Amino acid sequence: MRMKHLLLSACLSFDLAPAAMAQSVTGSGVVPATAANSAERAIGFATNAPAGAALVIMTTDATLPPLDGVTLTATERQAVTAAIAAASFDGKAGSTLSLRGIGAHPRILLVGTGPAPSSLALAEAGGKAAQELRSEAHPVTIAGALGDSSAADVAYGFALGQYRFDRYKTVDRKAPSTGTVTLVGANPSAAETAFAGRWKPLADGVRLSRDLANEPANVIYPESFVAQVREAFGNTPGVSIEVLDEAAMRKLGMGTLVGVGQGSPRGSRLLAVRYRGAGAPAAPLAFIGKGITFDSGGISLKPGAGMWDMKGDMSGAASVVGAALSLAKSRAPVHVVAVAALAENMPDGNAQRPGDVTRTMSGKTIEMLNADAEGRLVLADANEYVAATYKPRAIVNIATLTGAIVGALDDQYAGLFARDEKLAAALLAAGTASGEELWRMPLHKNYAEKLKSDIADIRNIAPSQGPGASLGAHVIGFFVDEATPWAHLDIAGVNQADKATPLVPRGMSGFGVRLLDQLARSGE
Ligand code: BES
Ligand code: ZN
Ligand code: MN
């Protein structure tokens, strides 16, 4: 028995170890480099609907609006009107009615926006349409008395709602949606301009964030995160990208960031994407995201169930670069620096131990009592580095920081912690406008007591029960100068959607891209 076991383990290590080692470091081998998600529908604008398309009609109430540019005979109109009455369709936001067998239309889908819809309500209706038409084989026309900017809003929602991440499915892959989606209106070129100038770049930013977060941790690790971000930005004007590798960070004394990644063979990185638009102020707004490409908990290992979700522990980092992509591609007159604090948190002989003390680049010390409270450690150094390097006018952290925020706010709101009232108000307003909503959480100076270390400046957890999300925020805030307006967003409850909503299909949500894009544009 024993012999057999020994033989088996010898064989295993002989056969698998070298390949497995190489694979674990490069991340390649399992996954074809060329894998791509099934194509999304291209989005266009026209005065007239193409023939043979599925027809989406946006309605504000229970009546059928005038449909310029769409051929609907009197009999067909009558049939739709009769169906509206029979189904008691009321046109409220979120309502839909799908009809088949009317004239030559393969399908007619009514989507309610509710009366006087906001830009966000229109986008949600567009997203609803995209999701209802996921496996629709025909091209799609969207009509319904849409003004130019309304058509652009709907198109934006359609772009967010049609997202899918299916690149690794080789069986049971849903048929890709075929054909384009055309928004019909009186002035298609004005609608196109509105879409291309603002909403398409934003949808591209959200897609980047979702793709990075949905990718498994054998594909996205610090180095490959950087490579994918470089590729996404290409030569976008006004953008400069700076990357620190582990050696550079050690040299700068960034001991708490480097410490977190020290149990992983994949080197840590700090990625800074700076975008300065025409006429933008000299001091940038800094968005600094937690980029743990996998959080096993390190030596304070997490339980197995659910650990797979921790491939998404770099969602904050993914969203800051997504927001920067949107702002840069739309040439917004803003100055931002989006920073990803990238490391993989793994248990290993080289990993840091509970009780270890590390030093940030400013010289402050942290006693690390729990290796699973690692987000605050990488953000401590990232915040100090950004403050010293970019002299930002404000810092916003965004991180999947605590399980405690999930218990408090679930998937409805991200937690907002702020020391600056003006920045807090601007963030809350951006949340409402963008649809990525925030709820203010407390920061009390007495939390400092709970985080006092016997041997260092601060410890990374309170050893007894406490307000977990707030304590995490406090630790991060300890590394930001009181004079710099600072806020922290805990997105652990909202970075992943267990079920689809109109703008967010199931999977990683890209939460934060729309919010931070909106914040930057609001002039904060
Ligand atoms: N990445 C986790 C937080 C998390 C939990 C994100 C659930 C998404 C869903 C974070 O690094 C973590 O492990 N936090 C600990 C902190 C604790 C040790 C003080 C937690 O929340 O349990
Ligand atoms: Zn984490
Ligand atoms: Mn953790």
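Small disclaimer: the values here were computed from a predicted structure and weren't measured. Each ligand, and each atom within it, is numbered from 1 in the order the structure gives. What you see below is based on every heavy atom in this structure, not just the backbone, and it leaves out hydrogens, waters and symmetry mates.
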Is there a donor in the side chain of S315 and an acceptor in the side chain of N495, or the other way round, less than 3.5 Å apart? yes
Closer than 4.0 angstrom, basic N to acidic O: yes or no for E246 and R250? yes
Identify the protein heavy atom lying closest to atom 17 (C) of ligand 1, giving its residue, its atom name and the separation to 0.1 Å. A373 CB, 4.4 Å
Could you list which atoms of ligand 1 come closer than 4.0 Å to a heavy atom of E374? 11 (O)
With a cut-off of 6.0 Å (strictly less than), are more than 12 heavy atoms of other residues, nucleotides or ligands near CZ of R419? yes
Nearest protein heavy atom with distance in Å, relative to atom 18 (C) of ligand 1: N370 ND2, 3.6 Å
Quick check on K311: does its NZ atom have over 12 non-hydrogen neighbours (other residues, nucleotides or ligands) under 6.0 Å away? yes
Write out the residue and atom name of the closest protein heavy atom to atom 2 (C) of ligand 1, then the distance separating them to 0.1 Å. D295 OD2, 3.6 Å
Check ligand 1 against K302 and write out every atom of the ligand that is under 4.0 Å from a heavy-atom position of the residue. 2 (C), 12 (C), 13 (O)
Determine whether the side chains of R274 and H335 contain a donor N or O and an acceptor N or O closer than 3.5 Å. yes
Salt bridge check: are R167 and E215 linked by an N-O gap of less than 4.0 Å? yes
Going by distance alone, is a donor N or O of one side chain under 3.5 Å from an acceptor N or O of the other, for R514 and Y156? yes
Are Y168 and N37 close enough that a side-chain donor and a side-chain acceptor fall under 3.5 Å? no
Shell check on the Mn ion (ligand 3): protein N, O or S atoms less than 2.8 Å away are D295 OD2, D372 O, D372 OD1, E374 OE1
With no hydrogens and no angle check, just 3.5 Å: does a side-chain donor-acceptor pair link Y390 and E242? yes
Any idea which part of I292 is under 4.0 Å from ligand 1, heavy-atom wise: side chain, backbone, both or neither? neither
Atom indices of ligand 1, in the order listed, that fall short of 4.0 Å to a heavy atom of I461: 19 (C)
Taking 4.0 angstrom as the limit, do D313 and K290 come out as a salt bridge? yes
Counting heavy atoms only, which of M314, M310, R376, K290 comes nearest to atom 4 (C) of ligand 1? M310
Protein contact of atom 14 (N) of ligand 1 - nearest heavy atom, named by residue and atom, plus distance: L401 O, 3.4 Å
Should the heavy atoms of other residues, nucleotides or ligands under 6.0 Å from NZ of K450 be counted, would the total exceed 12? no
Quiz question: by atom type and distance under 3.5 Å, do the side chains of Q496 and D309 form a donor-acceptor pair? yes
Examine the proximity of ligand 1 to D372 and report which part, side chain or backbone, both or neither, has a heavy atom under 4.0 Å away. both
Could you identify the single nearest non-hydrogen protein atom to atom 21 (O) of ligand 1 and state the distance to 0.1 Å? G403 N, 2.7 Å
Value for CG (D348) from CG (N345), rounded to nearest 0.5 Å, stands at 11.5 Å
Find the distance between CH2 (W439) and CG (L489) and round it off to the nearest 0.5 Å. 15.5 Å
Give the atoms of ligand 1, by number and element, whose distance to some non-hydrogen atom of A492 is under 4.0 Å. 6 (C), 8 (C)
Have a look around the Zn ion (ligand 2) and list protein N/O/S atoms under 2.8 Å, or say none. K290 NZ, D295 OD2, D313 OD2, E374 OE2
Do S362 and E384 pair up side chain to side chain, a donor and an acceptor below 3.5 Å, judged on atom types alone? yes
